[in-house]
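Order of the sequence lines fixes the chain letters, A, B, ..., with proteins taken first and strands second; residue numbering starts at 1 for each chain. Because only heavy atoms are used, hydrogens play no part in the values below, and waters and symmetry mates are left out as well, while side chains stay in. Just so you know, these numbers come straight off a predicted model, no measurement behind them.
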Number of protein chains: 2
Amino acid sequence: MRSKPPKKFQYEYPRAALTVDIVVFALDEEELKVMLIQRDLQPYQGQWALPGGFVHVDETLEEAARRELQEETGLKDIFLEQLFTFGEIDRDPRERVVTVAYYALVNLEGHDVQASTDARNAAWFSLNELPDLAFDHATILKAAHERLRGKVRYQPIGFELLPEKFTLTQLQHMYEVILDRELDKRNFRKKVLGMEIVQETDEIEKDVAHRAARLYRFDEKAYERLSKQGFNFEI
Amino acid sequence: MRSKPPKKFQYEYPRAALTVDIVVFALDEEELKVMLIQRDLQPYQGQWALPGGFVHVDETLEEAARRELQEETGLKDIFLEQLFTFGEIDRDPRERVVTVAYYALVNLEGHDVQASTDARNAAWFSLNELPDLAFDHATILKAAHERLRGKVRYQPIGFELLPEKFTLTQLQHMYEVILDRELDKRNFRKKVLGMEIVQETDEIEKDVAHRAARLYRFDEKAYERLSKQGFNFEI
DNA sequence: GCAAAAGTGTTTATGATACACCCATGC
DNA sequence: GCATGGGTGTATCATAAACACTTTTGC
């Protein structure tokens, strides 16, 4: 065991440690996945946990979240939004640790996670087959999932889970997975096309063993316009 | 100037200080008000600020918010919900301070604020006539207002701003103030009564110089039922 | 030619909006 | 009796929901 490092930073009152943790969602063919890291230090050594770590004193919370995400999973330039701050007193057995949780959405095609990640330490898990998680990370993950389900109803969020160009069937599938219910194809298309939130491209799917579907892209401008005036995305 | 206190608490890495700040909303006859405290210490001495203060190492974030609220304004047992955590690096000129912001809703009749408050230090301000605020509290206040406006659309929130028994006109007025637009009386009543979120009482208004209105109370059970299934309160 | 998914319209039901007058009460 | 806000209904319009078949393509 190595000797203890010096403790140079001194305060009049005790201070909680401050961390960030990130719930990274991605969309598989069939379901929502979340990225977990296997801990190689105590406490909870060997257990799976959300990516995250201590906030440096010279970086903002979001900067800390992005830095940890890149260090631990290789992911960068992704959609990231603050979720909630968890401050239960005993959530970390070592000492008082307050964590600011974020959630992130990525598309599996666009970001090469495996290449920059030690595969032994990071992996995607289906939300239905989660291992035991360290700390209160199961609680955080549940909160993130609920937020995503709730948010999708009144904001055009979620496109970050898809590749840049996608079929309407992919988009519908994404909503079905997030909302956990089936949607009617014709009504879904009417609604999505009607609110002009996607733009038709002149490309179609390739290498499929059936009629190839048209590809669409997300329309940034419509997004902006609709986001502001608190619109209704009930589908 | 007093001598510096001892700094007994020592850490390997520098730590941010952790505070809570609370945006307390109340409903006046005419408009939304927010409670501010006049600071009697540096920095920003004499300026108005949100109630709040440092989180003790042995209390949760919500406990800290409730404690500060009671100490500074006398308010207790009120609706309180976490808003957002602000971690910009220079938001406090002294050192790195991360603050977990909450917002609260109170009804002016039910809670005697003045009695337990040093009137020189705490006061209600109209949202349209705010003084310059200390720190980044103007940003926090704006975020709280937006959250309230957004939340009211899809959750039956806001009843905390009214007394236990209220008239439908008071309820409508509350929504008009929060949403900042006029609502049609007949349509409003149809909608509110239709979703069975309020219960008729057998009491009526007193001491009014016109026909007395029936009093209603908020229906907890309907609230629970509707809250869960993410319902739509667009009015 | 068949398997597999793409693509497309109409009808019905429900909820949102617009709108104006009589009623009860206190003074 | 008049001023003040309380209380009520209907017609129209817009959006949501339900529902099935033809088309295209690869194999």
Inset, instruction - At under 4.0 Å between heavy atoms, which parts of nucleotides 19-27 of chain C does protein reach? Answer with one letter per nucleotide, 5' to 3': B base, S sugar-phosphate only, - none. - result: BB--BBBS-
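If you take CZ of A:Phe188 and P of C:dA6, they are 12 Å apart, rounded to a whole angstrom. Going from atom CG of B:Leu171 over to atom C1' of D:dG7 covers 16 Å, rounded to whole Å. Atom-to-atom, CD of B:Glu203 to C1' of D:dG6 comes out at 18 Å; the value is rounded to the nearest Å. Remark: P of D:dT15 and CG of A:Leu193 are 16 Å apart, rounded to the nearest angstrom. Summarising the geometry, the separation between OH on A:Tyr175 and P on D:dA16 is reported as 14 Å, rounded to the nearest angstrom. Residue A:Leu183 contributes atom CG, which lies 13 Å from atom P of D:dA16 at whole-angstrom precision.
Note on ring orientation: taking the six-membered ring where Trp is involved, the planes of B:Phe218 and B:Phe159 are parallel (angle under 30°, cut-offs 30° and 60°).
A:Thr201 OG1 to A:Phe166 CZ: the interatomic distance, rounded to the nearest 0.5 Å, is 9.5 Å.
Using a 4.0 Å heavy-atom cutoff across all strands shown, A:Arg189 reaches at least one base atom of the nucleic acid.
Side-chain contact between A:Pro51 and A:Glu68 is absent, with no heavy atoms from C-beta onward closer than 4.5 Å. By the 4.5 Å heavy-atom criterion applied to side chains, B:Glu160 and B:Ile157 are counted as neighbours.
Qualifying ring-ring contact (aromatic ring centres under 6.0 Å, His included) partners for B:Tyr44, counting only residues two or more places apart in sequence or in other chains: B:Phe135. Shown here are the ring-ring contact (aromatic ring centres under 6.0 Å, His included) partners of A:Phe79, two or more places apart in sequence or in another chain: there are none.
Under 4.0 angstrom from either OP1 or OP2 of C:dG15 there lies no side-chain N or O belonging to B:Lys191. OP1 or OP2 of D:dG6 has at least one side-chain nitrogen or oxygen of B:Thr169 nearer than 4.0 Å.
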